[in-house]
Amino acid sequence: MLKTTIIGASGYTGAELAYMVQKHPQLTLSGLYVSANSLDAGKPMAELHGKLSGIVDMQVQPLMDPVSVASQCDVVFLATAHEVSHDLAPIFLAQNCQVFDLSGAFRVKGDDFYQNYYGFKHQHPKWLENAVYGLAEWNCEAIKQSQLIAVAGCYPTASQLAIKPLVEAGLLDTTQWPVINATSGVTGAGRKATLTNSFCEVSLQPYGVFTHRHQPEIVAHLGCDVIFTPHLGNFKRGILATVTMKLASGVSEQQVSHAFEKAYANKPAVRLKSTLPSIKDVEFTPFCDLGWRVQGEHIIVVSAIDNLLKGASSQAMQCLNIHYGFSELTALV
């Protein structure tokens, strides 16, 4: 049994991970931690998240000594802020823990990326270079080998799964950049209440236009430029991404279908749909649903995921399953 610790356990993603670890036949929950000054420290997990009552009753502890915690676990999930993961990951890695980081701290290699988009200078270039991007369907072999998995972001997961088969098959005219319009539920902003993500205040609206940090993440791992416009929707969970692209000259609808079928034939967390996907079909599941329509030289691909699951925790667990050779959807369905 792999002793598994979750840092940042009291948030939405941490709670989902705790439930999955408890269900996993090869994992045992060795600790739940939050920052030392968190108001959640010392409370039972089931008190913070009532749905875990009778399932995960362990108390959430303040993280006082990361080295000591690292010495008592095999695997750590970092469901923490970017700067926190940046500082913690090397400590756990130095103690030979397998690290799955759900923040953006190790996702993108680039000299000025973290200064420009996250507001801090990256201090661990060696680990940044060695980190593997955790987009489970596309980086399977590398995920098996790496000690540090930087789990893909929620918007980038929904977007890349929709676009990547066409890029890899050379079916797009990328002189016309793919245009991604994506809408997320308010849980994407985390559990801490602010006026902008208060459910009563949210009205469907775009944000981060031309400035959102997920745009360069998508570009870096997709290999082509995109226009990305995120929206905040007045619903709890899920992401729906609608992607408009121009096909290369002469590309047929049959070629498009073949590219998606080839890309995801043996990928159990991606479902190809004859209808256009909706959030209600994927919420509370680890799946990405993809559907598309072709007209003339253009294709519109619709991608739906649960932002807390395929966009975060279940993708992290899927990466763990791949890394250790377990069935990909263990503890997820």
Side-chain angles (χ1 to χ4, degrees), residues 11-13 16 79 81-82 85 101-108 110 113-114 116-118 133-139 149-167 177-190 196-197 202 204-245 269-270 277-279 282-283 285-291 300-316 318-319:
Y12 292 129
T13 301
E16 298 286 359
H82 315 292
S85 287
D101 177 26
L102 285 82
S103 84
F106 294 90
R107 287 180 188 153
V108 179
F113 175 79
Y114 285 93
N116 292 340
Y117 288 97
Y118 286 90
Y133 188 57
L135 186 63
E137 282 70 27
W138 288 93
N139 284 338
I149 309 301
V151 180
C154 53
Y155 282 127
T157 294
S159 302
Q160 290 179 89
L161 292 178
I163 304 170
K164 215 164 174 61
L166 303 177
V167 171
W177 296 0
V179 176
I180 305 163
N181 284 304
T183 302
S184 174
V186 293
T187 51
T196 54
N197 70 356
V202 170
L204 180 62
Q205 62 193 73
Y207 66 99
V209 176
F210 289 127
T211 61
H212 198 284
R213 58 183 54 146
H214 280 164
Q215 189 271 349
E217 179 183 333
I218 294 168
V219 170
H221 294 286
L222 191 60
C224 76
D225 286 309
V226 301
I227 298 289
F228 170 63
T229 307
H231 299 71
L232 186 61
N234 54 348
F235 53 94
K236 281 188 178 181
R237 58 197 293 160
I239 285 177
L240 190 78
T242 302
V243 188
T244 304
M245 296 170 278
V270 175
S278 67
I279 286 173
V282 295
E283 62 182 347
T285 83
F287 300 113
C288 174
D289 282 2
L290 296 173
I300 294 175
V301 183
V302 179
S303 173
I305 64 171
D306 186 311
N307 59 303
L308 297 179
L309 295 177
K310 184 57 175 164
S313 55
S314 75
Q315 176 142 258
Q318 192 180 349
C319 287

[X] side, atom [atom1]; [Y] side, atom [atom2] - distance, nearest 0.5 Å:
X: Leu135; Y: Ile218; atom1: CG; atom2: CD1; value: 10.5 Å
X: Cys154; Y: His214; atom1: SG; atom2: NE2; value: 5.0 Å
X: Ile149; Y: Asn139; atom1: CD1; atom2: CG; value: 8.5 Å
X: Thr157; Y: Glu137; atom1: OG1; atom2: CD; value: 8.5 Å
X: Tyr118; Y: Arg107; atom1: OH; atom2: CZ; value: 5.5 Å
X: Thr187; Y: Asp306; atom1: OG1; atom2: CG; value: 7.0 Å

Provide the closest heavy-atom pair for [X] versus [Y] in the form atom of the first, atom of the second, distance.
X: Leu102; Y: Ala79; result: CB-CA, 4.5 Å
X: Ser85; Y: Asp101; result: OG-OD1, 2.7 Å
X: Pro165; Y: Leu161; result: CD-O, 3.5 Å
X: Ile227; Y: Phe210; result: CD1-CE2, 4.1 Å
X: Gly185; Y: Leu232; result: O-CD1, 4.0 Å
X: Met245; Y: Pro178; result: CG-CB, 3.6 Å

Would you call the rings of His212 and Tyr155 parallel, tilted or perpendicular, where under 30° means parallel and over 60° means perpendicular? perpendicular
Quick check: do [X] and [Y] have side-chain heavy atoms less than 4.5 Å from each other?
X: Thr242; Y: Ile300; value: yes
X: Trp177; Y: Cys224; value: no
X: Pro206; Y: His231; value: yes

Got a donor-acceptor contact below 3.5 angstrom from the [X] side chain to the [Y] backbone?
X: Ser313; Y: Leu308; value: yes
X: His82; Y: Gly104; value: yes
X: Arg213; Y: Asn116; value: no
X: Lys164; Y: His221; value: yes
X: Gln160; Y: Pro156; value: yes

For Ser159, run the side-chain contact (heavy atoms from CB on, under 4.5 Å) check against Val226, Ile239, Leu222, Ile180 and tell me which one passes. Ile180
Quick one: list whatever passes ring pair (Phe, Tyr, Trp, His ring centres under 6.0 Å) with Phe235, sequence neighbours left out. none
Would you say the side-chain atoms of Glu217 and Tyr133 include a donor-acceptor pair closer than 3.5 Å? yes
